[in-house]
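Every chain is numbered from 1 and lettered A, B, ... according to where its sequence line falls, protein lines coming before strand lines.
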2 protein chains.
Amino acid sequence: MVDPDSDDRLLGAIELMYFTYRAFTSHADKILEKRGLNRVHHRVLYFIGRNPELTVGELVETLAISKQALNAPLRQLTEMNLVCAAADPADRRVKRLSLTKKGKGLEAELTASQMKRLTAAFDAVGADDADIWFRVMAELCGRSGGTGPAPKGSAP
Amino acid sequence: MVDPDSDDRLLGAIELMYFTYRAFTSHADKILEKRGLNRVHHRVLYFIGRNPELTVGELVETLAISKQALNAPLRQLTEMNLVCAAADPADRRVKRLSLTKKGKGLEAELTASQMKRLTAAFDAVGADDADIWFRVMAELCGRSGGTGPAPKGSAP
DNA sequence: CCTATAAGTCAATATGGTTGACCCTGATTC
DNA sequence: GAATCAGGGTCAACCATATTGACTTATAGG
């Protein structure tokens with residue numbers, strides 16, 4: 001069990017990463033699809049949820065897409081009453097984006113399935129092993145820091 | 001440290017999954033890009049590498065794309081001398097695909113960067129914690145079985 | 001000989017992204 | 001107060017990647 005890092009073992013780890021990520025995102029994708037939404041919508045919801053009062057320009061920069069590419073999905077989301085946009089009182093050119101109640105609901109629904117999967121796994125292996133998982137993932141992640149709250153909302 | 005699965009902690013886990021996956025695949029993507037290749041090429045290389053003598057039809061089915069979508073990338077790969085195709089002696093309609101020496105080299109290069117990242121993390125945390133990581137990931141993956149070799153080559 | 005199958009190809013279409021140019025509105029500055 | 005700048009929205013052209021459908025070619029096999 002404590003053998004070194006054989007190639008087979010590492011190959012297994014690569015596949016495990018792939019499949020776990022897939023399993024992790026597939027349910028959210030299905031929920032989105034049912035509403036005619038895609039990952040851009042998801043990312044928009046996510047970022048606005050984590051950073052309320054975000055501006056359109058900041059969102060464009062964060063998502064690293066063009067404003068034309070953002071425009072349509074964002075408009076859909078506001079039309080679906082998931083996101084609301086209000087002019088900044090200090091500078092009425094800028095739009096401050098935030099989630100509506102409905103938007104928060106959907107965003108919560110999306111992360112809920114992932115949380116459920118996580119808690120199931122963590123409960124199955126126990127709290128100590130869960131802590132270790134966090135440490136290994138942090139190492140794998142590069143920024144080997146702890147569970148630090150991440151730059152300022154950046155996934156999914 | 002052994003507190004329950006708080007939402008903040010779970011949110012952290014979600015971001016960790018996302019960023020780790022990104023970090024995990026980004027280097028391979030860069031290598032591919034330098035050669036004008038993309039993820040389809042990567043997946044083709046991967047599957048042929050894991051399942052030599054694969055046929056075109058099987059590859060289409062495995063990748064779950066249309067044969068038209070596969071055709072161009074596959075042709076490029078054979079023209080670049082990374083994949084070789086030979087008629088099956090028993091049934092000359094079917095093409096048996098396998099990696100050339102060059103193809104194996106590229107495929108190895110692609111997984112090498114991921115293996116390097118894995119071994120670095122596993123070495124940093126120790127063999128016991130690495131074992132635990134495998135167990136937790138297997139749980140998260142759904143098929144909570146062990147490190148089982150996966151259906152028959154299925155990532156990336 | 002005739003038919004079914006593996007593979008390759010052409011064409012039309014959809015999606016989702018890009019860049020460039022331009023407009024509107026509200027700040028800022030002289 | 002007029003000129004200019006910045007945030008945001010929109011139109012158009014274009015590109016990449018995928019799809020489906022219809023067809024061809026070559027081979028297998030009753």
Are B:Val136 and A:Leu16 connected, step by step, through hydrophobic side chains (Ile, Leu, Val, Met, Phe, Trp, Tyr) whose heavy atoms are closer than 4.5 Å?
->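 They do share one cluster, since a chain of ILVMFWY contacts under 4.5 Å joins B:Val136 to A:Leu16.
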
Which nucleotide of DNA chain D is the first, and which the last, in the 5' to 3' direction, to come under 4.0 Å of a heavy atom belonging to chain B?
->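 Range of nucleotides within reach of chain B: D:dT17 to D:dA28.
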
Find out whether the Lys NZ or Arg CZ of A:Arg50 is both under 6.0 angstrom from the six-membered ring centre of A:Tyr46 and within 45° of the ring's axis.
->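 Yes, cation above the ring, under 6.0 Å and within 45°.
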
Is any side-chain heavy atom of B:Thr20 less than 4.5 Å from a side-chain heavy atom of A:Tyr21?
->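 B:Thr20 vs A:Tyr21: side chains apart.
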
Going by an N to O cut-off under 4.0 Å, is there a salt bridge joining A:Asp131 and B:Arg9?
->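 Salt bridge: yes.
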
State plainly whether the residues A:Glu61 and A:Lys67 are in salt-bridge range, i.e. N to O under 4.0 Å.
->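 Salt bridge: no.
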
With sequence neighbours left out, write down each residue that passes side chain to side chain contact (heavy atoms under 4.5 Å, CB included) with A:Ala85, or none if nothing qualifies.
->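 For A:Ala85, the residues satisfying side chain to side chain contact (heavy atoms under 4.5 Å, CB included) (neighbours in sequence not counted) are A:Lys95, A:Leu97.
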
Does atom CZ of A:Arg22 have more than 12 heavy-atom neighbours from other groups under 6.0 Å away?
->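 Check fails, neighbour count at 12 or below.
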
List, with names and distances, any nitrogen or oxygen atoms from the protein found under 3.5 Å away from nitrogen or oxygen atoms belonging to nucleotides 18-22 of chain C.
unit_1 : atom_1 : unit_2  : atom_2 : d
C:dT18 : OP1    : A:Ser66 : N      : 3.4
C:dT18 : OP2    : A:Ser66 : N      : 3.0
C:dT18 : OP2    : A:Ser66 : OG     : 2.6
C:dT19 : O4     : A:Gln68 : NE2    : 3.4
C:dG20 : O6     : A:Gln68 : NE2    : 2.4

Contact list for residues 117-127 of chain B, test side chain to side chain donor-acceptor pair (under 3.5 Å), sequence neighbours left out =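 For residues 117-127 of chain B, and leaving out neighbouring residues, there are no side chain to side chain donor-acceptor pair (under 3.5 Å) pairs at all.
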
What are the residues of residues 85-97 of chain A, sorted by number, that bring a heavy atom to within less than 4.0 Å of DNA chain C?
->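 Those residues are A:Asp91, A:Arg92, A:Arg93.
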
Side-chain polar contacts of residues 68-84 of chain A - donor-acceptor pairs under 3.5 angstrom, sequence neighbours left out - could you list them?
unit_1  : atom_1 : unit_2  : atom_2 : d
A:Gln76 : OE1    : A:His41 : NE2    : 3.1
A:Thr78 : OG1    : A:Leu74 : O      : 3.4
A:Thr78 : OG1    : A:Arg75 : O      : 2.8

Protein-nucleotide distance (A:Asn71, atom CG; C:dC24, atom P), rounded to Å |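 Value for this atom pair: 17 Å.
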
Candidate pair B:Phe122 and B:Phe134, rule ring pair (Phe, Tyr, Trp, His ring centres under 6.0 Å), full reasoning = CA-CA 11 Å; B:Phe122 291 162; B:Phe134 271 91; 5.7 Å; yes

